[in-house]
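Okay, structure first, notes after.
Note on naming: letters A, B, ... go to the chains in the order of the sequence lines (proteins, then strands), and numbering restarts at 1 for each one. When reading the values below, keep in mind they use all heavy atoms of this one structure, side chains included, and skip hydrogens, waters and symmetry mates. Predicted model only: the values in this text are computed from it and were never measured.
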Protein chains: 2
Amino acid sequence: MHHILSNLRIDINSSLFLKDPESSPLGQKIIKSSIDLIDHHGIEDFNFKKLALEIGSTESSIYRYFENKHRLLLYLSSLYWGIIEFQLVLQTNNLEPGMAKLMKAVETLFAIPQTDKLSFSVEGKKLRHILNAEFVKAYHNKHIDEQNKKGYFSIYKRVVLRLSDIIIEVNPEYKFSNSLSSLIIEGSMNQYFLSEHFHNLTDCHSEDNLYVFYKDLLTQTLKI
Amino acid sequence: MHHILSNLRIDINSSLFLKDPESSPLGQKIIKSSIDLIDHHGIEDFNFKKLALEIGSTESSIYRYFENKHRLLLYLSSLYWGIIEFQLVLQTNNLEPGMAKLMKAVETLFAIPQTDKLSFSVEGKKLRHILNAEFVKAYHNKHIDEQNKKGYFSIYKRVVLRLSDIIIEVNPEYKFSNSLSSLIIEGSMNQYFLSEHFHNLTDCHSEDNLYVFYKDLLTQTLKI
DNA sequence: CAAAAGTAATAGTATTACTATCAATATAGT
DNA sequence: ACTATATTGATAGTAATACTATTACTTTTG
């Protein structure tokens, strides 16, 4: 039902899975190997048959953990945003409101999620790559409203709203904090994607460039 | 091979179709009805069987025009961006470089594509809705690099670069014009999407709000 | 009016996503 | 050690989808 990270727990909506993957070696292998496979071949070329082959199990066994691969992607997304949220809080909650805090938050949002204290082994770099490449597919889907109601995106939404709060602290007069927050977060995933596939549509080919781009954008936009 | 718009032609990459849909009544019905159906039910619930039923034809007949539904989506995307590009040029090429020109460009990018001078009937509002909802799926796909090489996204890319050029005119010192342009364009589609499905993650629930949000963002960011 | 092109009708294949059933194995409690 | 229970493996099968193939009918064109 949740991941333990030191003594902090990441609560993943339990209706995303049929059986908690953390609770067994097979479940843990499912998570670990699905990240490897999706990272390497993309979600479209990924299915439970291939995953079963990879971990030396069977399709039917995997179906006992997840209803389908889309739920698994939502699980991985929640895991990712849960770690990011934890890091965001950890890095910023003791800082004074202001641009320095906001930029610390932005930096944290792009950082590789720290997975070493998770109860099972997950490669943070691969997890981030999956999210950058595939997260849009997690919500651009015909069941979005129904799934949203069930809370499958709540961690992600909380992250957007937390960044929005930090924006508001910088400039309480600013009227578009939610839009700016979502623009920044969605935008960063998209800029990664562009850098990989439509190289000349972005100037940000490294985290550093993206950081500078956003720092300038935010500093100018939120000037009082 | 192209759409006639007064005397301007929108060249759509001819390898996107097997047989030009403009060239026959059936082809025109395919375009018109696919827009209606995708607009109404989304791309996931759309297939050539349903389309055939809708227009009183057969699956095999439709397959003579398009290899698959993804190509059809790419065709519709090219049609959309082609119209937008035309409008963008029309509205801005006689303006003096500067913020007024940039904001005119931004306004044009969100506007409903004018389809009345097209050689066949297409509802601009529906076409825009499809793009806002489904365009990400046109390029978040495992064949992206191969398709990009074939030029399936060239009109879209040209639009991003045109906006980037207008940004540069405002402030020639600005180092992130490509990123800013793609952020604006992708962002606007995303803000529409958020307004529809994750209401509280955006403050832009109308074109006017989005315009104000961007105007402020751009004015501040590009200040010399 | 004949040739050609375009379309309809029908059937069929391959793949994918998912379900059902039952046997084998491991684990836990007594 | 023995039984009940949970977990996984093995196998088969279903339904839907995306796409292909073939043939016949209809319309257009020279």
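- H143(B) pairs by the ring pair (Phe, Tyr, Trp, His ring centres under 6.0 Å) definition with nothing, not counting sequence neighbours.
- With sequence neighbours excluded, the residues that form a salt bridge (charged side-chain N to carboxylate O under 4.0 Å, His left out) with K32(B) are D36(B), E123(B).
- Computed from coordinates, the L51(A) CG to dA17(C) P distance equals 12 Å when rounded to whole Å.
- For Y192(B), the ring pair (Phe, Tyr, Trp, His ring centres under 6.0 Å) criterion is met by no residue, not counting sequence neighbours.
- Aromatic ring centres of F135(B) and W81(B) lie closer together than 6.0 Å.
- Residues of residues 28-39 of chain A that place a heavy atom closer than 4.0 Å to DNA chain C do not occur.
- For the pairing with F66(A), the side chain to side chain contact (heavy atoms under 4.5 Å, CB included) check across L73(A), L74(A), I31(A) returns one residue only, I31(A).
- With sequence neighbours excluded, the residues that form a ring pair (Phe, Tyr, Trp, His ring centres under 6.0 Å) with Y214(A) are F110(A).
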Give me, pair by pair, the N or O atoms of the protein and of nucleotides 28-30 of chain D that are less than 3.5 Å apart, along with how far apart they are.
none

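- Residues satisfying the ring pair (Phe, Tyr, Trp, His ring centres under 6.0 Å) criterion with H140(A), sequence neighbours excluded, are F193(B).
- Distance D20(B) CG to dG6(C) P: 12 Å, rounded to the nearest Å.
- Side-chain rings of Y139(B) and Y152(B) stay apart, their centers remaining 6.0 Å or farther from each other.
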Reading 5' to 3' through nucleotides 8-21 of chain D, protein heavy-atom contacts under 4.0 Å coded B for base, S for sugar-phosphate only, - for none: BBBB------SBBB

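- For the salt bridge (charged side-chain N to carboxylate O under 4.0 Å, His left out) test, residues two or more places apart in sequence or in another chain that qualify with K150(A) are E146(A).
- Of all the residues in residues 135-150 of chain B, not one reaches under 4.0 Å from DNA chain C with any non-hydrogen atom.
- Distance CG (L18(B)) to P (dG6(C)): 13 Å, rounded to an integer number of Å.
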Anything under 3.5 Å between a donor and an acceptor, one on a side chain of residues 40-48 of chain A, the other on a protein residue two or more places apart or in another chain? List them.
unit_1 : atom_1 : unit_2  : atom_2 : d
E44(A) : OE1    : K142(B) : N      : 3.0
D45(A) : OD1    : K142(B) : NZ     : 2.8
N47(A) : OD1    : K49(A)  : N      : 3.1
N47(A) : OD1    : K50(A)  : N      : 2.9

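- Screening I184(B), T202(B), N190(B), L217(B) against L183(A) for a side chain to side chain contact (heavy atoms under 4.5 Å, CB included) leaves a single residue, L217(B).
- In this structure, the side chains of D203(B) and F213(B) stay at 4.5 Å or more apart for every pair of heavy atoms.
- When the side chain to side chain contact (heavy atoms under 4.5 Å, CB included) test is applied to S154(A), no partner is found at least two apart in sequence or on another chain.
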